[in-house]
Number of protein chains: 2
Amino acid sequence: MDTTQRTDQQRSADRRRRELLEAADRVVLRDGPGASMNAIAAEAGITKPILYRHFGDKGGLYAALAKRHTDALLDSLRAALDAPADRRERVEATLDTYLSAIEARPQVYRFLMHPAEGAPSEQGFDVGKHSAPLLRRMGEELAQVIEERLDLGPGSQQLARVWGHGIVGMMHAAGDWWLGERPCSRAELVRSLADLLWGRLAAAGDRVGSPGF
Amino acid sequence: MDTTQRTDQQRSADRRRRELLEAADRVVLRDGPGASMNAIAAEAGITKPILYRHFGDKGGLYAALAKRHTDALLDSLRAALDAPADRRERVEATLDTYLSAIEARPQVYRFLMHPAEGAPSEQGFDVGKHSAPLLRRMGEELAQVIEERLDLGPGSQQLARVWGHGIVGMMHAAGDWWLGERPCSRAELVRSLADLLWGRLAAAGDRVGSPGF
DNA sequence: CATGCGTGTTACTTCCGGTAACACCGAGTC
DNA sequence: GACTCGGTGTTACCGGAAGTAACACGCATG
């Protein structure tokens with residue numbers, strides 16, 4: 001019947017879609033998240049309506065684009081999280097993997113983390129709904145790993161989720177700041193963050209003459 | 001001379017500016033960060049060019065708006081950070097203050113944290129430059145407090161800054177997620193996060209049959 | 001009375017997201 | 001071979017938002 005035809009068409013459409021995404025990628029990485037649909041279409045050698053036929057609207061294109069990079073980064077992180085080593089080493093490896101990624105491609109990072117621009121008609125305050133999907137996904141993944149491997153006693157699932165999102169946020173914020181100011185080497189940053197997670201904040205002594213933060 | 005006149009004019013201009021900011025506040029809180037300059041002007045009972053004379057461009061208005069709320073929130077946080085209690089209690093009080101604030105006014109929070117929309121012509125990748133000024137400021141403040149009060153040995157200043165930004169990021173991400181899903185009470189969240197900072201991650205035992213995250 | 005000057009307006013330009021309507025082209029059908 | 005039909009492409013437009021130019025009123029001062 002038309003199954004082979006369908007497959008052909010689907011394949012062709014998929015290839016086209018990939019080409020369009022790659023063009024969009026180039027433009028977004030060059031012009032930032034503010035890249036216009038016209039510019040992307042021009043880069044792909046076509047015109048706007050085709051983009052809209054493929055991706056619905058700008059949000060759809062951006063979501064598709066983000067999914068590619070997000071999936072790639074999450075794969076790297078999973079690998080680091082699954083490496084054969086003790087807990088501290090794994091945490092450090094994961095932090096380092098993330099920081100390496102954002103260091104290597106800051107534009108991608110910026111695009112993923114600050115995709116705002118949301119639809120112009122997003123009235124109600126669906127806080128955090130569209131915010132940073134990558135952060136959410138990383139938080140959930142980490143939560144799952146924590147819950148799988150650590151014995152946290154009662155309420156472990158909830159605790160793991162809080163920690164997952166919290167740790168991801170810590171990593172993200174510290175990485176964002178570090179990427180902007182570059183106050184130290186990556187290794188130092190990794191070590192400092194791991195130290196924080198290892199309770200050095202609680203263990204530190206009061207400074208002389210201070211009532212003890 | 002014209003000093004008194006100048007002062008009068010300045011005062012008048014300042015009052016006007018404050019009125020405009022309050023109108024903008026109402027609109028932004030109602031329509032979200034996508035509020036149009038026309039809408040804000042209408043709310044203030046005037047027209048666009050006046051807004052532009054006062055604030056330069058949309059970014060300027062938003063910056064002014066953000067500064068107000070940011071300052072207010074930072075004041076609350078400083079108070080919690082300076083309360084007379086031991087370290088753990090202070091940390092919990094600070095976390096709770098932040099979470100209370102975002103819980104009470106989620107629209108304000110959303111506006112402050114996701115102000116993107118940046119100027120359409122921000123070519124170069126000044127990553128994190130315009131990102132979330134509030135997060136940066138909170139991170140720096142916390143870093144200062146940490147560095148002032150804790151004895152962290154050599155490299156304390158750098159360590160304090162890493163921790164400041166990291167902890168703020170943890171608080172932010174966990175809060176953002178919590179606000180969206182409400183998986184537990186505020187008190188539980190505070191306790192879980194404080195536990196994380198107190199090293200429970202490192203102290204937790206491996207789950208049976210797991211190679212130890 | 002004229003001259004600025006601050007405050008306000010209307011009307012415009014430009015750009016972007018999104019869409020409607022039309023044009024081409026290759027494959028199957030009578 | 002003419003005819004339809006689905007997919008791919010185009011031009012030309014709409015609506016709305018940022019930002020600006022040019023003009024108009026009120027009011028103090030010389």
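By convention in this document, chain letters (A, B, ...) are assigned in the order of the sequence lines, proteins followed by strands, and residues within each chain are numbered from 1.
Rounded to whole angstrom, the span from the CD1 atom of A:Ile50 across to the C1' atom of C:dA20 amounts to 15 Å. Put simply, CG on B:Leu61 is 13 Å from C1' on D:dG19, counting in whole angstrom units. The separation between A:His54 atom NE2 and C:dG18 atom P is 16 Å, rounded to whole Å. In this structure, A:Phe55 places its CZ atom 15 Å from P of C:dG17, rounding to the nearest Å. With rounding to whole Å, B:Lys48 atom NZ is found 14 Å from C:dT13 atom P. Put simply, CG on A:Asn38 is 11 Å from P on D:dT11, counting in whole angstrom units. Per the geometry, CG belonging to B:Leu51 stands 13 Å off C1' belonging to C:dT7, to the nearest Å. Whole-Å rounding puts the A:Tyr62 OH to C:dG17 C1' distance at 11 Å.
The side chain of A:Ser36 sits closest to C:dC16 out of D:dG9, C:dC16, C:dG18. Closest to the side chain of A:Arg16, out of C:dG17, D:dG9, C:dT9, is D:dG9. In the set C:dG8, D:dA21, D:dA17, the nucleotide with an atom closest to the side chain of B:Pro49 is D:dA21.
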Verdict with supporting geometry, A:Trp177 and B:Glu140, side chain to side chain contact (heavy atoms under 4.5 Å, CB included)
CA-CA 10 Å; A:Trp177 162 75; B:Glu140 288 296 326; 3.6 Å; yes
Evaluate B:Ile167 against B:Ile146 for side chain to side chain contact (heavy atoms under 4.5 Å, CB included), listing each step before the verdict. CA-CA 11 Å; B:Ile167 293 172; B:Ile146 291 175; 4.2 Å; yes
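How far CG of A:Leu142 is from CE of A:Met171: 7.5 Å, rounded to the nearest 0.5 Å.
The two atoms that bring A:Ile102 and A:Leu179 nearest to each other are O-CD2, 3.7 Å, heavy atoms only.
Looking at B:Arg53, its side chain has no donor and acceptor atom pair within 3.5 Å of the base of D:dG19. The base of C:dG18 does not come close enough to the side chain of A:Lys58 for any donor and acceptor atom to sit less than 3.5 Å apart.
Ring geometry, B:Tyr62 versus B:Phe111: the interplanar angle exceeds 60°, so the pair is classed perpendicular (tilted spans 30 to 60°).
For B:Thr47, a side-chain nitrogen or oxygen approaches OP1 or OP2 of C:dT9 to under 4.0 Å.
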